[in-house]
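For reference, the structure is listed below as structure tokens.
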Amino acid sequence: MTIEQLTVFLGWSTVINAGLMLWAVIALATMPDFVYKAQGMVTKLSREELEKAMYHFLGLFKLGIIFLNFTPYLVLRLFF
């Protein structure tokens, strides 16, 4: 894989992952009851525990996007 291919891959990976995160944030903000019911079928968490878990997940997901997708993309674009 060449540096150009890796740069394109990381760029699209950043866009796709950021879109997924944005979709999750919008779903959580606009349909909290639906999210709670859907997750309630899978887990036995209370609503407060589920909200904490979702915000924790979104925070870790955001950090993953920044450190694993965006930062390497930015470095490749700036220095190669």
Side-chain angles (χ1 to χ4, degrees):
M1 181 177 270
T2 67
I3 290 179
E4 291 82 17
Q5 289 173 328
L6 184 60
T7 303
V8 170
F9 172 78
L10 287 170
W12 280 109
S13 179
T14 300
V15 169
I16 291 168
N17 283 318
L20 288 172
M21 190 181 93
L22 181 63
W23 179 81
V25 168
I26 290 171
L28 193 59
T30 60
M31 304 178 293
D33 294 330
F34 174 75
V35 172
Y36 176 68
K37 287 179 187 176
Q39 290 298 319
M41 289 188 265
V42 179
T43 64
K44 300 299 180 200
L45 298 175
S46 70
R47 190 173 187 107
E48 293 78 25
E49 291 172 330
L50 182 64
E51 287 176 0
K52 281 184 187 179
M54 290 299 291
Y55 287 114
H56 183 77
F57 165 75
L58 289 173
L60 289 175
F61 192 41
K62 180 173 59 173
L63 287 174
I65 292 169
I66 291 169
F67 290 122
L68 299 175
N69 294 132
F70 183 68
T71 303
Y73 170 76
L74 192 61
V75 167
L76 289 174
R77 289 288 296 193
L78 292 175
F79 297 110
F80 293 100

| Taking only residues two or more places apart in sequence, or in another chain, which ones meet E49 in a salt bridge (Lys or Arg N to Asp or Glu O under 4.0 Å)? | none
| field | ILVMFWY cluster, L76 and M1 together (side-chain gap under 4.5 Å) | value | yes
| note | So CZ of F9 and CD of E4: to nearest 0.5 Å the spacing works out to 16.0 Å
| query | When rounded to the nearest 0.5 angstrom, what is the spacing between CG in L74 and CG in L10? | reply | 11.0 Å
| query | In terms of hydrophobic clustering (I, L, V, M, F, W, Y; side-chain heavy atoms under 4.5 Å; direct or indirect links), are F34 and L28 co-clustered? | reply | no
| query | Given the rule in the side chain to side chain contact (heavy atoms under 4.5 Å, CB included) test, do L58 and K62 qualify, once you have shown the distances and angles that lead to the verdict? | reply | CA-CA 6 Å; L58 289 173; K62 180 173 59 173; over 6 Å; no
| Linking I/L/V/M/F/W/Y whenever any side-chain heavy atoms sit under 4.5 Å apart, do L45 and V42 land together? | no
| said: For T14, run the side-chain contact (heavy atoms from CB on, under 4.5 Å) check against L68, T71, N69 and tell me which one passes. | reply: N69
| query | Any link between L6 and F80 through a network of hydrophobic side chains (Ile, Leu, Val, Met, Phe, Trp, Tyr) touching at under 4.5 Å? | reply | yes
| query | Measuring from T7:OG1 to L78:CG, what's the distance to the nearest 0.5 Å? | reply | 10.5 Å
| Can you say whether the rings of F70 and Y73 are parallel (under 30°), tilted (30 to 60°) or perpendicular (over 60°)? | tilted
| field | Single-linkage hydrophobic cluster L20~I66, side-chain heavy atoms < 4.5 angstrom | value | no
| field | Step-by-step side chain to side chain contact (heavy atoms under 4.5 Å, CB included) determination, M54 to L50 | value | CA-CA 6 Å; M54 290 299 291; L50 182 64; 4.2 Å; yes
| field | Donor-acceptor contact present, side-chain Q39 to main-chain Y36, <3.5 Å | value | no
| field | Pair listing, salt bridge (Lys or Arg N to Asp or Glu O under 4.0 Å) test, anchored in residues 67-80, at least two apart | value | none
| message | Under 4.0 Å between a side-chain nitrogen and a carboxylate oxygen: does that hold for E51 and R47? | response | yes
